[in-house]
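Structure first, then comments.
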Protein chains: 2
Amino acid sequence: MSKATINSVAKYAGVSKKTVSRVLNEEPNVSSATREKVQQAFKDLDYRPNPIARGLAHNRSFIIGCLYDNPSKSYITRVQTGALSACHDKSYNLLIHPCELRGQALLDNIDALIRRTRLDGLVLTPPFSDQPDLLAFLKNKSIPYARVAPGELEDDSISIRSNDEQAAFEITELLISLGHTDIAFIKGHPDHSSTTLRFSGYLKALEKNNIEFKPELVDEGNFSYHSGEDSARKILNLKVRPSAVFASNDYMAAAVLKVASQLTLKVPEQLSIAGFDNAPIARHIWPGLTTIAQPVEKMTYIAINKLIEQFTSQEEALPIHKETLEAQLINRESTGRFSE
Amino acid sequence: MSKATINSVAKYAGVSKKTVSRVLNEEPNVSSATREKVQQAFKDLDYRPNPIARGLAHNRSFIIGCLYDNPSKSYITRVQTGALSACHDKSYNLLIHPCELRGQALLDNIDALIRRTRLDGLVLTPPFSDQPDLLAFLKNKSIPYARVAPGELEDDSISIRSNDEQAAFEITELLISLGHTDIAFIKGHPDHSSTTLRFSGYLKALEKNNIEFKPELVDEGNFSYHSGEDSARKILNLKVRPSAVFASNDYMAAAVLKVASQLTLKVPEQLSIAGFDNAPIARHIWPGLTTIAQPVEKMTYIAINKLIEQFTSQEEALPIHKETLEAQLINRESTGRFSE
DNA sequence: AAATGACATGACACCGGTGTCAGAATGGGG
DNA sequence: CCCCATTCTGACACCGGTGTCATGTCATTT
């Protein structure tokens, strides 16, 4: 069972294998009588074409690779969900490939990946979306790729992002509207473009509201919980303690909450905390974190969808798809007015 | 570039493609002079064999599928890490396939997956590891599979697990050794075999220490944070409140901590909390959770490794690999003596 | 020196599809 | 009724490897 090949179908239907192939691929110039005969054979024999043979004939693998190097498991999972969904819709397979950004080995690593798997295209997630070396390398190798959440849209490739700067601006304004003026900021990892964008949104909100920027309220983290802990200790032990902290992601925000608890600071009465990403931890701690939800699955879905469309399309000059999606502010319990 | 095929290598080395194939596969009966000529050609032409063509010839896809339906992103990521590592070592590709346990659609879903991808084998993670329908279906289809963390080892398939019952026993004894006697228990999802095992370990520890089992201290959750919250509210509002709660996983334990915070119970002074799994959240909340660390990556690695070995081996009767790995108790701040 | 066997090599078909092209069937106009 | 254009169909080579088997080469045995 399940041994039906194109030859057995052809024999069963009394036609040539080429004709079966035509029906399979919905090519024109097949009489409806023949078409029906063949389709009946498909059903009777429970036939599914062999994607490997098809791949060999087409010199295609029907594989999309997904590159990531991200400490957040929930982010990765969301990327995967969107990617799987797009691949499924287009009958492609998804190959996940976690790897480290740093090190000369990166390009060799990717090279080996490409040659080993013969993948048809790549989706780059942060921080790879903004790695000039990598982009140049892929272009050179003629590997089609799409970028998720890149910082710059200049590159002539498919790019889908959400507006990090605007979202950071909004959440900062939320804190300001609650009466906060000393708002600390914990930066993310310098390799990620979102680090710059989120910081920029914070600065713009201060500026717009005529609040003086105080460099001592800014500390550099790297998106990890641990780095958030270090930054929080510095910030919360300042002589003039800020009344609010905006951390560039939820893990660091959760770390701020931990340090605040250890210092017996009440959140949000004595300290407001805002995060970014709407990671599961944002609602798994108490009080829940006010944060920004990005449509990660959707971004990845669109990226892969457009990517496949592009290299599948007959037209050489399909316009390069660029899109910026909306992020959404989620207001939870970790932010409020200062009340002591 | 990168266009070298077996034909071009053969021509370059002045031998037949079959001989090139022999060198590739390290078959015997190739003179060392010829072998070196061919290997030099590999280098000169920068040749890599095409896995798709190889797959077609062998009727193999070199793809291992990984099935999961698990709410814990960190668990999934750890499974993937182990799986990727094993696949990489054996030059296989990993295809991840999240899907829902419930519903008649499951078998159809898996069937479609198999036919679409022609995968060579499957790794089952909980709760699929203990799904009799699925196991029977795969056996019927002659799809090789390996089970990660199954409840029962009876099935004649590769099975790698850690000792959940023993670990639950130990963590319960830890609580007992701290002086607790009223220890509540929150069960996991009934579809997961670990739910039964962990509960059983809890019961055995009570029994061994001559502590009376009180049914009202046990509540049924489903491994989700939300279910843990519900159970925690019930348990912590009992007339006679227990002094410790052992939740079947860390998400539910984190929810207990949240409810305790809302009730202004001090942890661990007024309430000890223990979890299971050593999920990231266990160290991202304060106080950190005492819990059990399982070698998830290693289990998955071994499972896939043995799976590939099995269906690659010439010997028909390779013994079925079964292994039970050690879990480890991690002692953090959420457990201690009752002190009020 | 002839027979024998172990080792080395290549010709060829095959895996299951697709592209090319030539030839057969069909249909409409003169 | 014939001719030609259009539509349909199949023979065949090909994608890039692997399996089978026949043949060639050499050293060893008798």
Side-chain angles (χ1 to χ4, degrees), chain A residues 1-39 41-42 45-63 91 114-120 312 314, chain B residues 1-39 41-42 45-63 91 114-120 312 314:
Chain A
M1 48 175 56
S2 109
K3 291 214 164 193
T5 71
I6 198 166
N7 285 298
S8 59
V9 172
K11 200 169 292 175
Y12 183 92
V15 299
S16 74
K17 51 191 256 197
K18 180 61 205 180
T19 299
V20 176
S21 168
R22 288 200 179 89
V23 175
L24 255 185
N25 296 290
E26 298 177 336
E27 288 175 25
N29 302 341
V30 179
S31 74
S32 55
T34 307
R35 185 182 308 277
E36 275 168 34
K37 251 194 316 184
V38 174
Q39 280 167 340
F42 287 166
L45 302 178
D46 195 16
Y47 168 75
R48 287 318 128 84
N50 182 329
I52 298 181
R54 218 197 269 239
L56 181 58
H58 276 141
N59 197 22
R60 292 246 210 97
S61 62
F62 298 98
I63 289 177
S91 294
I114 293 169
R115 314 191 62 150
R116 189 163 44 82
T117 65
R118 307 276 162 135
L119 46 78
D120 294 335
T312 305
Q314 316 300 352
Chain B
M1 50 175 56
S2 109
K3 289 213 163 189
T5 70
I6 197 165
N7 286 297
S8 58
V9 172
K11 201 169 291 173
Y12 183 92
V15 299
S16 74
K17 52 191 253 193
K18 181 59 206 182
T19 298
V20 175
S21 168
R22 287 200 180 91
V23 175
L24 255 185
N25 296 289
E26 300 178 333
E27 288 175 25
N29 300 342
V30 179
S31 74
S32 54
T34 307
R35 184 182 308 277
E36 275 167 33
K37 253 193 315 185
V38 174
Q39 280 166 341
F42 287 166
L45 302 179
D46 196 17
Y47 168 77
R48 288 314 129 85
N50 183 329
I52 299 180
R54 218 196 268 240
L56 181 59
H58 276 141
N59 196 24
R60 290 248 208 96
S61 61
F62 297 99
I63 289 176
S91 295
I114 293 169
R115 314 190 61 147
R116 188 162 44 78
T117 65
R118 307 277 165 133
L119 46 77
D120 294 336
T312 306
Q314 315 301 352

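Every heavy atom of this structure was used, including side-chain atoms; hydrogens, water molecules and symmetry mates were not. Letters go in sequence order (proteins before strands), and every chain restarts at 1.
In this entry the distance linking CD of B:E27 with C1' of D:dG17 reads 12 Å, nearest Å. The CZ-C1' distance, from B:R35 to C:dA8, rounds to 11 Å in whole Å. The nearest whole Å value for the distance from the NZ atom in A:K18 to the C1' atom in C:dG16 is 13 Å. Here the P atom of nucleotide C:dA8 and the CD atom of B:E36 are 13 Å apart, to the nearest Å. In this structure, A:Y47 places its OH atom 7 Å from C1' of C:dG16, rounding to the nearest Å. Atom P of nucleotide D:dC15 and atom NE2 of A:H58 are separated by 14 Å, given to the nearest angstrom. Straight-line distance from the CZ atom of A:R115 to the C1' atom of D:dG16: 15 Å, rounded to whole Å. Rounded to an integer number of Å, the gap from A:R48 CZ to C:dG17 P is 12 Å.
Distance from the side chain of A:L56 is smallest to D:dC15 among D:dT18, D:dC15, D:dG19. Of the listed nucleotides (D:dC21, C:dT18, D:dT18), D:dC21 has the atom at the smallest distance from the side chain of B:R22.
Minimum heavy-atom separation, B:R116 to A:P51: O-CG, 3.0 Å.
Residues A:V23 and A:Q39 meet the side-chain proximity criterion, which asks for heavy atoms closer than 4.5 Å. Counting heavy atoms from C-beta on, the side chains of A:Y47 and A:V38 never come closer than 4.5 Å. B:S21 has its side chain within reach of B:I6: a pair of non-hydrogen atoms, C-beta onward, lies under 4.5 Å apart. Residues B:R48 and A:I114 form no side-chain contact, since every pair of their non-hydrogen atoms from C-beta on lies 4.5 Å or further apart.
Close to D:dT9, at under 4.0 Å from its OP1 or OP2, lies no side-chain N or O of A:S16. In terms of phosphate contacts, B:N29 brings a side-chain nitrogen or oxygen within less than 4.0 Å of OP1 or OP2 of C:dA8. For D:dT9, the OP1/OP2 oxygens have a side-chain nitrogen or oxygen of A:S31 closer than 4.0 Å. Residue B:R54 places at least one side-chain N or O under 4.0 Å from the OP1 or OP2 atom of D:dT18.
Take the nearest nucleotide of DNA chain C for A:S21 and for B:S32: the residue whose nucleotide is more 5' is B:S32.
Checking side-chain atoms of A:N50 against main-chain N and O of A:I52 turns up a donor-acceptor pair under 3.5 Å.
Across all strands shown, A:N59 has no heavy atoms under 4.0 Å from either base or sugar-phosphate atoms. When heavy atoms are screened at a 4.0 angstrom cut-off, A:V15 is found touching the sugar-phosphate backbone but no base atom.
Within 6.0 Å of atom NZ in B:K37, more than 12 heavy atoms from other residues, nucleotides or ligands are found, so the atom counts as buried in its surroundings.
Looking at residues 5-14 of chain A, you'll see A:T5, A:I6 sit with a heavy atom under 4.0 Å from some atom of DNA chain C.
Donor-acceptor pairing under 3.5 Å, judged by distance alone, is present between the side chain of A:K17 and the base of C:dG17.
From A:T34, atom OG1 reaches atom CG of A:N29 across 11.5 Å, with rounding to the nearest 0.5 Å.
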